[in-house]
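One structure is given below, encoded as structure tokens.
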Amino acid sequence: MQRALRLLEAVASHAEGAPAKQLARETGLPLPTTYHLLRTLTHEGYLVRDKGVFVLGDAAVRLAGGGAVQNRRIKIEDSLARWRDEIGVPIYFALYREGEIELVAVSDTPSNPAVEEWADFRETAHAHAIGQCLLSQLDPASRQDHLDRHPVEAITPYTVRNRRVLLERLGGLGRMEPLVERQEYVLGTVCAAIPITAGSAAGAMAISLPLHQEERLLPAVERLRTEIGRLFGSLAFSISI
């Protein structure tokens with residue numbers, strides 16, 4: 001495997017491809033071994049032979065793309081952990097993808113635990129800050145479609161009780177206004193979410209606090225908004241994962 005990876009790295013270093021003998025010299029592999037590995041890698045789709053030189057194939061491109069996705073996910077998780085420690089609250093990151101809520105990452109600590117997902121986040125978007133924030137970014141038809149598939153229903157005494165009231169709330173939000181939810185998803189907890197959009201993708205960052213610490217909620221989410229703005233400004237963050 002190590003020798004095959006060395007060959008892939010050597011091929012990737014040549015934009016126009018390279019012949020077998022050159023790859024053997026660069027990797028320090030015996031020529032028969034090089035030919036054998038090149039045949040195997042070509043058969044599996046990692047390489048393509050074109051006019052006597054080898055270039056990366058579709059399988060290698062997909063592999064590289066997967067690595068890029070993993071790198072972006074690590075950057076997101078590292079950012080959430082840093083904000084969690086600096087602000088002292090659990091941090092949540094979610095996307096609206098293919099018609100569903102997707103909770104991508106959560107960062108918390110034993111002293112500041114995240115809200116337990118006791119009711120499926122995908123089915124209860126109307127009841128939590130993340131879901132409401134994501135729904136607020138959809139066009140009316142997509143929002144109605146989501147609520148047709150996941151109807152509004154009370155899961156605590158404080159949950160919004162019907163679709164009309166929910167739509168009025170979402171329609172009344174300012175473009176970058178934090179969405180605050182108090183005990184609608186779980187009793188004894190308050191949450192706030194802010195929208196993150198990039199192209200056609202809808203995303204949200206959120207925080208949660210115990211009800212008795214509610215006075216910290218808005219200052220904390222404003223600080224989170226500032227930190228996110230700095231990170232976007234540095235081009236070090238992408239939600240395309």
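- A pairwise comparison of heavy atoms in Gly188 and Gln183 identifies N-OE1, 2.9 Å as the closest pair.
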Step by step, work out the side-chain contact (heavy atoms from CB on, under 4.5 Å) result for Arg149 and Glu100.
-> CA-CA 10 Å; Arg149 290 181 288 110; Glu100 299 294 348; 2.7 Å; yes
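- Remark: side-chain polar atoms of Asp108 are not paired, donor with acceptor, to backbone N or O of Pro113 under 3.5 angstrom.
- Using a 4.0 Å cut-off between charged nitrogen and carboxylate oxygen, Arg169 and Glu184 count as a salt-bridge pair.
- Sequence neighbours left out, the pairs with a member in residues 130-153 that pass ring-ring contact (aromatic ring centres under 6.0 Å, His included) are Tyr96-His146, His146-His150.
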Test Glu222 against Arg225 for salt bridge (charged side-chain N to carboxylate O under 4.0 Å, His left out), laying out the working first.
-> CA-CA 5 Å; Glu222 285 301 323; Arg225 188 209 301 275; 3.1 Å; yes
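- Inter-residue side-chain proximity for Met205 and Leu80 is flagged as met; some heavy-atom pair is nearer than 4.5 Å.
- From Glu181, atom CD reaches atom OG of Ser208 across 9.5 Å, with rounding to the nearest 0.5 Å.
- Pairs passing the salt bridge (charged side-chain N to carboxylate O under 4.0 Å, His left out) check and including a residue from residues 111-125, sequence neighbours excluded, read Asp120-Arg122.
- Between Ile130 and Leu179 there is no side-chain heavy-atom pair separated by less than 4.5 Å.
- A 4.5 Å side-chain heavy-atom check between Leu103 and Leu95 finds every atom pair outside the cut-off.
- Not one N or O on the side chain of Arg223 forms a donor-acceptor pair closer than 3.5 Å with the backbone of Trp83.
- Leu166 has its side chain within reach of Gln132: a pair of non-hydrogen atoms, C-beta onward, lies under 4.5 Å apart.
- A donor-acceptor distance shorter than 3.5 angstrom exists from the side chain of Thr42 to the backbone of Leu38, with no hydrogens or angles considered.
- In this structure, Arg161 does not pair ionically with Glu153, as no charged nitrogen and carboxylate oxygen lie closer than 4.0 Å.
- Ring to ring, Tyr185 and Tyr158 are not that close: their centroids are 6.0 angstrom or more apart.
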List the steps, then state whether side-chain contact (heavy atoms from CB on, under 4.5 Å) holds for Val89 with Val221.
-> CA-CA 10 Å; Val89 295; Val221 80; over 6 Å; no
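- Within the 4.5 Å cutoff, the side chain of Trp118 has heavy atoms near those of the Ile155 side chain.
- Counting all heavy atoms, side chain and backbone alike, His126 lies closest to Pro151 at CE1-O, 3.7 Å.
- In this structure, the separation between CG on Leu8 and CG on Leu23 is 10.0 Å, given to the nearest 0.5 Å.
- Counting only heavy atoms from C-beta outward, the side chains of Leu224 and Ile91 approach each other to under 4.5 Å.
- Residues Ile228 and Phe93 share a single hydrophobic cluster, defined by chaining ILVMFWY side chains whose heavy atoms lie under 4.5 Å apart.
- The minimum heavy-atom distance linking Pro90 with Asn112 is given by the pair CG-O, 3.3 Å.
- Val53 and Leu31 fall into different hydrophobic clusters, defined by Ile, Leu, Val, Met, Phe, Trp and Tyr side-chain heavy atoms under 4.5 Å apart, directly or through other members.
- Placement of Leu147 and Leu170 within a single hydrophobic cluster is found when ILVMFWY residues are connected by side-chain heavy-atom separations under 4.5 Å, directly or transitively.
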Check the pair Val180, Val190 against side-chain contact (heavy atoms from CB on, under 4.5 Å), reporting the backbone distance first and the verdict last.
-> CA-CA 7 Å; Val180 176; Val190 292; 5.7 Å; no
Would Asp145 and Ser142 satisfy side-chain hydrogen bond (donor to acceptor under 3.5 Å, both in side chains), going step by step from the backbone distance to the final call?
-> CA-CA 5 Å; Asp145 172 71; Ser142 298; over 6 Å; no
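- Here the closest non-hydrogen pair linking Thr34 and Ala24 is OG1-CB, 3.4 Å.
- Under the side chain to side chain contact (heavy atoms under 4.5 Å, CB included) test applied with Ile207, the options Ile194, Leu217, Ile87 reduce to a single match, Leu217.
- Residues Gly203 and Gln137 share a closest heavy-atom pair of O-NE2, 2.9 Å.
- Rounding to the nearest 0.5 Å gives a distance of 5.0 Å between CG of Leu7 and OG1 of Thr27.
- The shortest heavy-atom contact between Gln213 and Leu209 is OE1-CD2, 3.6 Å.
- Using a 4.5 Å cut-off between side-chain heavy atoms of Ile, Leu, Val, Met, Phe, Trp and Tyr, with links allowed through other members, Leu138 and Leu134 fall into the same hydrophobic cluster.
- With values rounded to the nearest 0.5 angstrom, Leu211 atom CG is found 9.5 Å from Leu187 atom CG.
- Note: Arg143 CZ to Arg163 CZ = 11.5 Å, rounded to the nearest 0.5 Å.
- Screening residues 7-37 for ring-ring contact (aromatic ring centres under 6.0 Å, His included), with sequence neighbours left out, gives no hits.
- Expressed to the nearest 0.5 Å, how far OH of Tyr92 lies from SG of Cys191 amounts to 5.5 Å.
- In this structure the side chain of Leu56 reaches within 4.5 angstrom of the side chain of Leu47, judged on heavy atoms.
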